[in-house]
Amino acid sequence: MSYRHIEVSPLAGALGAEIGGVDVSRPLSPEVRGEVLDALHEHLVIFFRDQELDCAQHHAFASNFGPPIPHPFTKGLDEWPETIEIIRSPGEPYNWDSKFHSDLMFLEEPPMGASLYALEIPPYGGDTVFVNMYLAYETLSEGLKNALGGLQGINESGAPANYSTPGAMAGKNGEPMAASHPVVRTHPVTGRKSLFVSPGFTRRFEDMTDEESRPLIDFLCEHALRPEFTCRFRWSPRAIAVWDNRVSLHRAVPDFFGEVDKHRRVMHRVTIGGDRPV
Ligand code: SIN
């Protein structure tokens, strides 16, 4: 794809691109917005460095991709309920984003994406790794693709308390949630098929037991996480990412607040609403 209004520099062969020539704190012209969306559809996750944003500007930028939605279990900022502050501090348990996942797969209509803005970055580490789930699907055998065609995955949230951290990230009361979604979904814009399972949320297949489902779910997750299907983003302060949550997995790498490395990492995430997967 060629771009006339933005600069697009791929980060890895599988997915990810850094975008230059755009100030995301200002309203995007229709031409720039169109190319940014094209870049997202081509690269699945896009990054912009050195962006000065307040909460209103972050919210407005995220709205280019769809309607911001609140997180069901993590309390948003008082004035910006759709913006959650993800704080990682020394000594806290590794939960919430510690497994590869597509955000909120347990909703009937999981998000189409999210925008993550770096406020406080450790001097090293704390990268985010992303996975291309088109590639994960396309590299399966035709036999397995056919077998997966009719399967629904049951995606469970686990305990709502896992989405908050005492003293740092406030939670919301709620009951665990679950949703059944096709294991192979079709992107509404590109028309391409992708795998829609994740180690974070997919527990079993509909109408099957955990024991029957587990070996195939484990195989699919292990296959999806092959390094050649991933990219890894090294954050800098005021960098911002947008990912297409329908066709990618991600997780943060918590390698900066162990016994020795007592650093903090603070990000703002705006979650962007999506449709029921088909
Ligand atoms: C997330 O899982 O939404 C956050 C990822 C990160 O903090 O890098």
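Numbers for residues simply follow the sequence, beginning at 1. Bear in mind the structure is a predicted one, so any value in this text is a computation, not a measurement. Counting starts at 1 for both ligands and their atoms, in listed order.
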Would you say [X] has any N or O atom under 3.5 Å from an N or O of ligand 1, going by distance alone?
| X | value |
| --- | --- |
| Asp127 | no |
| Arg269 | yes |
| Thr128 | yes |

(message) Heavy-atom pairs closer than 4.0 Å: do any link ligand 1 to the side chain of Phe130, the backbone, both, or neither?
(response)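 For Phe130, no heavy atom sits under 4.0 Å from ligand 1.
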With heavy atoms of [X] as the reference, note each atom of ligand 1 found under 4.0 Å away.
| X | answer |
| --- | --- |
| Ala252 | 6 (C), 7 (O), 8 (O) |
| Leu116 | 5 (C), 6 (C), 7 (O), 8 (O) |
| His250 | 1 (C), 2 (O), 3 (O) |
| Trp243 | 3 (O) |
| Asp103 | 3 (O) |

(request) Hey, could you give me each pair passing side-chain hydrogen bond (donor to acceptor under 3.5 Å, both in side chains) that has a residue in residues 6-22? Not counting sequence neighbours. (result) Glu18-Arg49
(message) A quick test of your reading: do over 12 heavy atoms of other residues, nucleotides or ligands sit less than 6.0 Å from CG of Asp275?
(response) no
(message) Looking at Glu109 and Arg276, is there a salt bridge between them, counting it only when a charged N and a carboxylate O are closer than 4.0 Å?
(response) no
(request) Output, in order, the C-alpha distance, side-chain angles, deciding distance and verdict of salt bridge (Lys or Arg N to Asp or Glu O under 4.0 Å) for Arg214 and Asp210. (result) CA-CA 6 Å; Arg214 200 69 257 162; Asp210 284 13; over 6 Å; no
(message) Is the positively charged end of Lys193 above the ring of Tyr134, judged by distance under 6.0 angstrom from the centroid and angle within 45° of the axis?
(response)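 The answer is no; the distance or angle limit is not met.
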(message) Parallel, tilted or perpendicular: which one describes the rings of Tyr163 and His71, with boundaries at 30° and 60°?
(response) tilted
(message) Is the ring pair Phe233/Trp235 parallel, tilted or perpendicular, if the boundaries are 30 and 60 degrees?
(response)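 Rings of Phe233 and Trp235: perpendicular, over 60°.
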Does [X] come within less than 4.0 Å of ligand 1, judged by its heavy atoms?
| X | result |
| --- | --- |
| Arg265 | yes |
| Phe100 | no |
| His101 | yes |

(request) With sequence neighbours excluded, tell me which residues meet ring-ring contact (aromatic ring centres under 6.0 Å, His included) with Tyr3. (result) none
